[in-house]
Amino acid sequence: MNAMRQNAAGTVHGPTSAGAQGADGKPVVEPPVLGGPEQTDYYLLNDLLTDEQQALRRRVRDFMDQEVIPVINPYWERAEFPHELVPKLAQLMRGCRPSTSGARRHRTGRTLTCV
């Protein structure tokens, strides 16, 4: 299993870029470009998810990017909870319910089914 990824421009991101060296002769280390799961799925767990689970993961990631990240730092600094996000989170999870059916169950025997 190879954890290194190649972006659309052909640049390899991972431990080191093949053959790239800095002015001091040491290998140049490029951090991965954070963003979607194609850059952050280091253990290739996305391949284990059903299409429904992948869609839910995308919805949650989009919610975090659009609603949580822009406002969370001040709450963190004040050790407070952003209560105004609760209704938005409820809207995001509307139609989701715990289920005990499905071929790929969590080890607890439950999955989250969303329609």
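Pairing each heavy atom of Leu85 with each of Phe63, the nearest pair is O-CZ, 4.3 Å. Scanning both residues, Gln53 and Leu48, for their nearest heavy atoms gives OE1-O, 4.4 Å.
Within the model, atoms CG of Leu49 and CZ of Arg58 stand 10.0 Å from one another, a figure rounded to the nearest 0.5 Å. With rounding to the nearest 0.5 Å, the separation of CG in Leu92 from CG in Asp62 is 9.5 Å.
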Scan the side chains in residues 66-77 for donor-acceptor partners under 3.5 Å anywhere in the protein, sequence neighbours excluded, and list what turns up.
{"from": "Glu67", "atom 1": "OE1", "to": "Lys88", "atom 2": "NZ", "distance (Å)": "3.0"}
{"from": "Tyr75", "atom 1": "OH", "to": "Glu84", "atom 2": "OE1", "distance (Å)": "2.8"}
{"from": "Tyr75", "atom 1": "OH", "to": "Glu84", "atom 2": "OE2", "distance (Å)": "2.7"}

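Every pair passing ring-ring contact (aromatic ring centres under 6.0 Å, His included) that includes a residue from residues 78-97 is listed here, sequence neighbours excluded: Phe81-His83.
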Open item on the list: side-chain hydrogen bond (donor to acceptor under 3.5 Å, both in side chains) for Gln54 and Arg57? Distances and angles first, verdict last.
Closed with: CA-CA 5 Å; Gln54 289 178 18; Arg57 182 194 40 76; 5.0 Å; no
